[in-house]
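Right, one structure below, let's go through it.
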Amino acid sequence: MWNLIRFFTKNSPFFTWLFLAIISLILLFQSNPYHRSIWFGSANAVTGSLYQTSNNITGYFSLRSINQELLEQIGEVEAENVRLRQCLAEYSDQVDEENRPEWQKDAAEKQFEFMLAHVVSNSVNQAQNYLTLDKGEADGVRVGMGVAAHNGVVGIVANTSEHYSLVISMLNPKLRLSAGLSHNGSFGSLQWDGKSTSICMLEDIARNSKAQVGDSVVTTGYAASFPKGVPIGRIIKVDDKKGNNNFFVCKVELFTDFARLNDVNIIVNKDQDEIEKLQQTFK
(Lines give C-alpha, C1' and ligand atoms only; values in the text may rest on other atoms or scores of the structure.)
Protein backbone atom coordinates (compact mmCIF):
# COMPACT_ATOMS: atom_id res chain seq x y z
CA MET A 1 0.00 0.00 0.00
CA TRP A 2 2.77 2.44 0.95
CA ASN A 3 4.60 1.55 -2.27
CA LEU A 4 1.50 2.49 -4.27
CA ILE A 5 1.18 5.83 -2.40
CA ARG A 6 4.89 6.56 -2.99
CA PHE A 7 4.44 5.77 -6.68
CA PHE A 8 1.58 8.26 -7.13
CA THR A 9 3.40 10.86 -5.01
CA LYS A 10 6.61 10.49 -7.01
CA ASN A 11 4.74 10.73 -10.36
CA SER A 12 2.17 13.34 -9.28
CA PRO A 13 3.26 15.88 -11.96
CA PHE A 14 2.55 13.34 -14.73
CA PHE A 15 -0.87 12.32 -13.36
CA THR A 16 -1.77 16.00 -12.84
CA TRP A 17 -0.86 16.71 -16.48
CA LEU A 18 -2.81 13.66 -17.67
CA PHE A 19 -5.92 14.70 -15.72
CA LEU A 20 -5.79 18.26 -17.07
CA ALA A 21 -5.19 16.98 -20.63
CA ILE A 22 -8.29 14.75 -20.46
CA ILE A 23 -10.43 17.60 -19.08
CA SER A 24 -9.13 19.89 -21.86
CA LEU A 25 -9.94 17.34 -24.60
CA ILE A 26 -13.45 16.81 -23.21
CA LEU A 27 -14.12 20.53 -23.16
CA LEU A 28 -12.63 20.93 -26.65
CA PHE A 29 -14.78 18.20 -28.27
CA GLN A 30 -17.95 19.31 -26.46
CA SER A 31 -17.67 22.96 -27.43
CA ASN A 32 -16.19 22.65 -30.92
CA PRO A 33 -18.25 20.76 -33.59
CA TYR A 34 -15.31 20.59 -36.00
CA HIS A 35 -13.02 18.78 -33.58
CA ARG A 36 -15.91 16.55 -32.47
CA SER A 37 -16.50 15.43 -36.09
CA ILE A 38 -12.79 14.65 -36.50
CA TRP A 39 -12.87 12.58 -33.31
CA PHE A 40 -15.90 10.56 -34.36
CA GLY A 41 -14.47 10.05 -37.86
CA SER A 42 -11.21 8.71 -36.46
CA ALA A 43 -13.07 6.48 -34.01
CA ASN A 44 -15.21 5.06 -36.83
CA ALA A 45 -12.11 4.39 -38.94
CA VAL A 46 -10.45 2.48 -36.10
CA THR A 47 -13.66 0.53 -35.38
CA GLY A 48 -14.08 -0.32 -39.05
CA SER A 49 -10.49 -1.54 -39.25
CA LEU A 50 -11.02 -3.75 -36.20
CA TYR A 51 -14.22 -5.23 -37.69
CA GLN A 52 -12.43 -5.85 -41.01
CA THR A 53 -9.58 -7.65 -39.26
CA SER A 54 -12.08 -9.73 -37.28
CA ASN A 55 -13.94 -10.71 -40.46
CA ASN A 56 -10.68 -11.66 -42.19
CA ILE A 57 -9.68 -13.91 -39.29
CA THR A 58 -13.13 -15.54 -39.18
CA GLY A 59 -13.07 -16.06 -42.95
CA TYR A 60 -9.64 -17.69 -42.78
CA PHE A 61 -10.73 -20.26 -40.20
CA SER A 62 -13.88 -21.04 -42.19
CA LEU A 63 -11.78 -22.01 -45.25
CA ARG A 64 -11.21 -25.46 -43.77
CA SER A 65 -14.90 -26.32 -43.80
CA ILE A 66 -15.32 -24.84 -47.28
CA ASN A 67 -12.35 -26.89 -48.51
CA GLN A 68 -13.90 -30.02 -46.96
CA GLU A 69 -17.15 -29.48 -48.86
CA LEU A 70 -15.31 -28.88 -52.14
CA LEU A 71 -13.24 -32.06 -51.73
CA GLU A 72 -16.36 -34.11 -51.03
CA GLN A 73 -17.89 -32.73 -54.21
CA ILE A 74 -14.70 -33.64 -56.10
CA GLY A 75 -15.03 -37.19 -54.77
CA GLU A 76 -18.59 -37.37 -56.12
CA VAL A 77 -17.41 -36.05 -59.49
CA GLU A 78 -14.60 -38.65 -59.55
CA ALA A 79 -17.15 -41.44 -58.95
CA GLU A 80 -19.38 -40.08 -61.72
CA ASN A 81 -16.36 -39.83 -64.02
CA VAL A 82 -15.53 -43.51 -63.44
CA ARG A 83 -19.10 -44.51 -64.17
CA LEU A 84 -19.13 -42.48 -67.39
CA ARG A 85 -15.82 -43.99 -68.57
CA GLN A 86 -17.13 -47.50 -67.96
CA CYS A 87 -20.37 -46.73 -69.78
CA LEU A 88 -18.38 -45.30 -72.71
CA ALA A 89 -16.20 -48.44 -72.83
CA GLU A 90 -19.27 -50.64 -72.95
CA TYR A 91 -20.74 -48.53 -75.76
CA SER A 92 -17.52 -48.53 -77.79
CA ASP A 93 -17.36 -52.33 -77.58
CA GLN A 94 -20.84 -52.44 -79.19
CA VAL A 95 -22.26 -54.67 -76.48
CA ASP A 96 -25.82 -55.86 -77.00
CA GLU A 97 -27.53 -54.11 -74.06
CA GLU A 98 -30.73 -56.15 -74.43
CA ASN A 99 -28.88 -59.40 -73.71
CA ARG A 100 -26.65 -57.95 -70.99
CA PRO A 101 -27.39 -59.30 -67.49
CA GLU A 102 -28.76 -56.81 -64.99
CA TRP A 103 -25.74 -57.18 -62.70
CA GLN A 104 -23.46 -55.97 -65.49
CA LYS A 105 -25.66 -52.96 -66.15
CA ASP A 106 -25.48 -51.98 -62.47
CA ALA A 107 -21.74 -52.69 -62.02
CA ALA A 108 -20.55 -49.25 -63.18
CA GLU A 109 -22.97 -47.54 -60.80
CA LYS A 110 -22.60 -49.74 -57.71
CA GLN A 111 -19.08 -51.20 -57.70
CA PHE A 112 -16.97 -48.20 -56.59
CA GLU A 113 -17.32 -45.52 -53.92
CA PHE A 114 -14.95 -42.76 -52.78
CA MET A 115 -14.03 -41.92 -49.17
CA LEU A 116 -12.39 -38.57 -48.41
CA ALA A 117 -9.31 -38.72 -46.13
CA HIS A 118 -6.71 -36.22 -44.93
CA VAL A 119 -2.97 -36.87 -45.13
CA VAL A 120 -1.54 -36.98 -41.59
CA SER A 121 2.08 -37.62 -42.62
CA ASN A 122 3.89 -38.09 -45.90
CA SER A 123 7.42 -38.77 -47.14
CA VAL A 124 8.90 -38.18 -50.59
CA ASN A 125 12.67 -38.27 -50.01
CA GLN A 126 13.10 -41.78 -48.61
CA ALA A 127 14.12 -44.95 -50.43
CA GLN A 128 10.65 -46.32 -49.56
CA ASN A 129 7.91 -43.73 -49.11
CA TYR A 130 4.58 -44.04 -47.27
CA LEU A 131 1.60 -41.86 -46.30
CA THR A 132 -0.59 -41.97 -43.21
CA LEU A 133 -4.31 -41.10 -43.55
CA ASP A 134 -6.88 -40.21 -40.89
CA LYS A 135 -9.28 -43.00 -41.88
CA GLY A 136 -9.02 -46.58 -40.60
CA GLU A 137 -10.87 -49.80 -39.92
CA ALA A 138 -13.64 -48.00 -38.02
CA ASP A 139 -14.36 -46.05 -41.23
CA GLY A 140 -14.40 -49.15 -43.44
CA VAL A 141 -10.85 -48.89 -44.78
CA ARG A 142 -9.05 -52.16 -45.44
CA VAL A 143 -5.73 -53.35 -46.86
CA GLY A 144 -5.58 -53.32 -50.66
CA MET A 145 -7.82 -50.33 -51.30
CA GLY A 146 -6.58 -47.83 -53.84
CA VAL A 147 -5.87 -44.19 -52.99
CA ALA A 148 -6.03 -41.32 -55.48
CA ALA A 149 -5.77 -37.53 -55.43
CA HIS A 150 -7.98 -35.31 -57.55
CA ASN A 151 -5.61 -35.59 -60.51
CA GLY A 152 -4.00 -39.02 -60.25
CA VAL A 153 -3.09 -42.25 -58.44
CA VAL A 154 -1.37 -41.98 -55.03
CA GLY A 155 -0.88 -45.57 -53.82
CA ILE A 156 -2.47 -48.59 -52.10
CA VAL A 157 -3.44 -49.13 -48.46
CA ALA A 158 -0.80 -51.40 -46.91
CA ASN A 159 -1.87 -51.50 -43.25
CA THR A 160 -4.67 -50.20 -41.02
CA SER A 161 -5.46 -49.41 -37.39
CA GLU A 162 -8.81 -48.44 -35.92
CA HIS A 163 -8.65 -44.80 -37.00
CA TYR A 164 -5.64 -44.56 -39.36
CA SER A 165 -4.26 -46.27 -42.45
CA LEU A 166 -0.77 -46.60 -43.91
CA VAL A 167 -0.49 -46.18 -47.68
CA ILE A 168 2.40 -47.46 -49.78
CA SER A 169 3.13 -44.58 -52.12
CA MET A 170 3.77 -44.72 -55.86
CA LEU A 171 7.19 -43.39 -54.81
CA ASN A 172 8.07 -46.80 -53.38
CA PRO A 173 9.83 -49.49 -55.45
CA LYS A 174 7.87 -52.18 -53.58
CA LEU A 175 4.69 -51.11 -55.36
CA ARG A 176 4.04 -52.38 -58.87
CA LEU A 177 0.88 -51.15 -60.54
CA SER A 178 -0.85 -52.45 -63.63
CA ALA A 179 -1.06 -49.48 -66.00
CA GLY A 180 -1.71 -48.95 -69.66
CA LEU A 181 -2.15 -46.50 -72.51
CA SER A 182 -5.51 -44.75 -72.48
CA HIS A 183 -5.95 -44.72 -76.26
CA ASN A 184 -5.50 -48.41 -77.08
CA GLY A 185 -5.47 -50.42 -73.82
CA SER A 186 -1.89 -51.69 -74.16
CA PHE A 187 -0.62 -52.31 -70.65
CA GLY A 188 2.48 -53.08 -68.61
CA SER A 189 3.90 -52.74 -65.11
CA LEU A 190 4.51 -49.32 -63.53
CA GLN A 191 7.19 -48.92 -60.85
CA TRP A 192 9.24 -46.12 -59.28
CA ASP A 193 12.97 -46.30 -60.04
CA GLY A 194 13.96 -44.44 -56.84
CA LYS A 195 15.14 -41.28 -58.60
CA SER A 196 12.82 -38.37 -59.38
CA THR A 197 9.70 -37.85 -57.23
CA SER A 198 7.67 -37.19 -60.39
CA ILE A 199 8.84 -40.05 -62.63
CA CYS A 200 7.95 -43.76 -62.80
CA MET A 201 8.93 -46.40 -65.34
CA LEU A 202 6.30 -48.28 -67.36
CA GLU A 203 7.80 -51.62 -68.47
CA ASP A 204 6.74 -54.41 -70.80
CA ILE A 205 4.75 -52.26 -73.22
CA ALA A 206 4.46 -54.19 -76.48
CA ARG A 207 6.24 -52.60 -79.44
CA ASN A 208 3.12 -52.86 -81.60
CA SER A 209 1.28 -50.63 -79.10
CA LYS A 210 2.79 -47.62 -80.87
CA ALA A 211 3.49 -45.84 -77.60
CA GLN A 212 4.47 -42.20 -78.13
CA VAL A 213 5.58 -39.22 -76.10
CA GLY A 214 2.52 -37.43 -74.75
CA ASP A 215 0.32 -40.54 -74.46
CA SER A 216 -1.75 -40.67 -71.27
CA VAL A 217 -1.22 -43.57 -68.85
CA VAL A 218 -4.14 -44.84 -66.75
CA THR A 219 -5.03 -47.77 -64.50
CA THR A 220 -6.13 -50.94 -66.29
CA GLY A 221 -8.76 -52.10 -63.79
CA TYR A 222 -7.15 -55.56 -63.70
CA ALA A 223 -6.66 -55.31 -59.92
CA ALA A 224 -9.39 -54.76 -57.35
CA SER A 225 -7.69 -51.64 -55.99
CA PHE A 226 -8.53 -49.27 -58.86
CA PRO A 227 -11.24 -49.01 -61.50
CA LYS A 228 -10.22 -48.76 -65.12
CA GLY A 229 -9.14 -45.37 -66.37
CA VAL A 230 -7.89 -43.55 -63.26
CA PRO A 231 -5.23 -41.06 -64.49
CA ILE A 232 -1.59 -41.76 -63.61
CA GLY A 233 0.59 -39.62 -65.85
CA ARG A 234 1.91 -39.08 -69.37
CA ILE A 235 4.78 -40.59 -71.33
CA ILE A 236 7.78 -38.26 -71.71
CA LYS A 237 10.25 -40.78 -73.18
CA VAL A 238 10.10 -44.16 -74.96
CA ASP A 239 13.13 -46.50 -74.91
CA ASP A 240 13.79 -49.93 -76.38
CA LYS A 241 13.96 -52.54 -73.65
CA LYS A 242 17.49 -53.91 -73.46
CA GLY A 243 17.77 -57.54 -74.47
CA ASN A 244 14.19 -57.76 -75.79
CA ASN A 245 13.13 -56.23 -79.08
CA ASN A 246 9.42 -56.89 -78.49
CA PHE A 247 8.86 -54.41 -75.67
CA PHE A 248 9.30 -50.75 -74.78
CA VAL A 249 10.21 -49.10 -71.48
CA CYS A 250 8.41 -45.77 -71.08
CA LYS A 251 9.33 -42.96 -68.73
CA VAL A 252 6.09 -41.62 -67.22
CA GLU A 253 5.67 -38.20 -65.61
CA LEU A 254 3.16 -38.56 -62.76
CA PHE A 255 0.16 -36.23 -62.55
CA THR A 256 0.15 -36.33 -58.73
CA ASP A 257 2.38 -33.84 -56.90
CA PHE A 258 3.36 -35.99 -53.90
CA ALA A 259 5.13 -33.12 -52.14
CA ARG A 260 1.86 -31.16 -51.84
CA LEU A 261 -0.67 -33.84 -50.90
CA ASN A 262 -3.24 -32.76 -48.33
CA ASP A 263 -6.48 -34.59 -49.11
CA VAL A 264 -7.06 -37.83 -51.02
CA ASN A 265 -9.84 -40.26 -51.90
CA ILE A 266 -9.78 -43.88 -50.74
CA ILE A 267 -11.37 -46.04 -53.44
CA VAL A 268 -13.82 -48.61 -52.07
CA ASN A 269 -14.48 -51.57 -54.36
CA LYS A 270 -17.65 -53.25 -53.14
CA ASP A 271 -16.66 -56.48 -54.93
CA GLN A 272 -13.14 -56.59 -53.47
CA ASP A 273 -13.89 -59.40 -50.98
CA GLU A 274 -15.40 -61.61 -53.66
CA ILE A 275 -12.54 -60.97 -56.10
CA GLU A 276 -9.82 -61.68 -53.53
CA LYS A 277 -11.61 -64.79 -52.27
CA LEU A 278 -11.75 -66.15 -55.82
CA GLN A 279 -8.08 -65.32 -56.44
CA GLN A 280 -7.05 -67.11 -53.23
CA THR A 281 -8.30 -70.41 -54.68
CA PHE A 282 -5.32 -70.44 -57.06
CA LYS A 283 -2.66 -69.71 -54.41
Side-chain angles (χ1 to χ4, degrees), residues 60 62-89 108-124 129-136 139-142 144-158 164-172 175 177-183 190 192 196-200 202 214-221 223-236 252-270 272:
Y60 174 81
S62 67
L63 288 177
R64 183 67 177 179
S65 61
I66 295 174
N67 188 45
Q68 174 84 11
E69 295 175 1
L70 289 175
L71 289 168
E72 290 176 354
Q73 292 176 9
I74 290 174
E76 294 174 1
V77 172
E78 291 280 359
E80 181 66 21
N81 197 17
V82 169
R83 290 194 289 268
L84 290 174
R85 282 198 298 265
Q86 291 177 338
C87 290
L88 182 60
E109 181 175 354
K110 296 182 178 178
Q111 187 177 355
F112 293 98
E113 292 181 348
F114 293 82
M115 182 190 309
L116 180 67
H118 301 295
V119 178
V120 176
S121 66
N122 180 23
S123 64
V124 296
N129 294 290
Y130 294 87
L131 303 93
T132 302
L133 308 181
D134 66 347
K135 290 291 189 296
D139 305 292
V141 181
R142 53 165 297 173
M145 288 183 173
V147 179
H150 69 281
N151 59 346
V153 169
V154 172
I156 294 177
V157 176
Y164 296 93
S165 55
L166 184 70
V167 177
I168 181 170
S169 168
M170 284 298 301
L171 305 182
N172 192 320
L175 178 61
L177 190 67
S178 177
L181 307 182
S182 61
H183 68 277
L190 187 74
W192 186 48
S196 172
T197 58
S198 62
I199 303 295
C200 281
L202 180 60
D215 287 347
S216 295
V217 178
V218 298
T219 57
T220 61
S225 302
F226 293 98
K228 181 179 180 181
V230 179
I232 297 176
R234 66 181 184 89
I235 295 176
I236 58 173
V252 178
E253 182 180 39
L254 302 175
F255 289 144
T256 301
D257 185 353
F258 285 86
R260 300 178 62 184
L261 282 178
N262 291 310
D263 301 281
V264 296
N265 283 298
I266 300 173
I267 300 174
V268 181
N269 185 347
K270 294 183 178 180
Q272 186 169 353

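Numbers for residues simply follow the sequence, beginning at 1. Since we're looking at a predicted model, the values are computed, not measured. Excluded from the calculations below are hydrogen atoms, water molecules and symmetry mates; all remaining heavy atoms, backbone and side chain alike, are included.
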Spatial distance of atom [atom1] ([X]) from atom [atom2] ([Y]) [nearest 0.5 Å]:
| X | Y | atom1 | atom2 | value |
| --- | --- | --- | --- | --- |
| Asn265 | Met115 | CG | CE | 10.0 Å |
| Ile199 | Leu171 | CD1 | CG | 10.5 Å |
| Ser182 | Asp215 | OG | CG | 7.0 Å |
| Leu181 | Arg234 | CG | CZ | 14.0 Å |
| Thr197 | Leu254 | OG1 | CG | 8.5 Å |
| Phe255 | Ser216 | CZ | OG | 5.0 Å |

Would the distance check show the side chain of [X] and the main-chain N or O of [Y] forming a donor-acceptor pair, the cut-off being under 3.5 Å?
| X | Y | value |
| --- | --- | --- |
| Ser169 | Gly155 | no |
| Ser165 | Lys135 | yes |
| Asp134 | Ala117 | no |

Ignoring hydrogens, what is the shortest heavy-atom contact between [X] and [Y]? Give both atom names and the distance.
| X | Y | result |
| --- | --- | --- |
| Ser225 | Gly144 | OG-O, 2.6 Å |
| Met145 | Val141 | SD-CA, 3.9 Å |
| Phe258 | Asn122 | O-ND2, 2.7 Å |
| Ala148 | Val230 | CB-CG1, 4.4 Å |
| Val218 | Pro231 | CG1-CA, 4.1 Å |
| Ala149 | Val154 | N-CG2, 3.4 Å |

* Test Leu261 against every option in Leu131, Val124, Leu133, Val147 by the side-chain contact (heavy atoms from CB on, under 4.5 Å) rule and name the one that passes. =>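 Result: among Leu131, Val124, Leu133, Val147, Leu131 is the only option passing the side-chain contact (heavy atoms from CB on, under 4.5 Å) with Leu261.
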Do [X] and [Y] come close enough that some side-chain heavy atom pair is under 4.5 Å?
| X | Y | result |
| --- | --- | --- |
| Leu175 | Trp192 | no |
| Ile232 | Thr219 | yes |
| Phe114 | Ile267 | yes |

* Step by step, would you call Val119 with Val264 a side chain to side chain contact (heavy atoms under 4.5 Å, CB included)? -> CA-CA 7 Å; Val119 178; Val264 296; 4.1 Å; yes
* Mind running side chain to side chain contact (heavy atoms under 4.5 Å, CB included) on Ile156 and Leu177 for me, showing each step along the way? => CA-CA 9 Å; Ile156 294 177; Leu177 190 67; 4.3 Å; yes
* To do: Given side chain to side chain contact (heavy atoms under 4.5 Å, CB included), test Leu190 with Leu202 step by step and report yes or no.
  => CA-CA 4 Å; Leu190 187 74; Leu202 180 60; 3.9 Å; yes
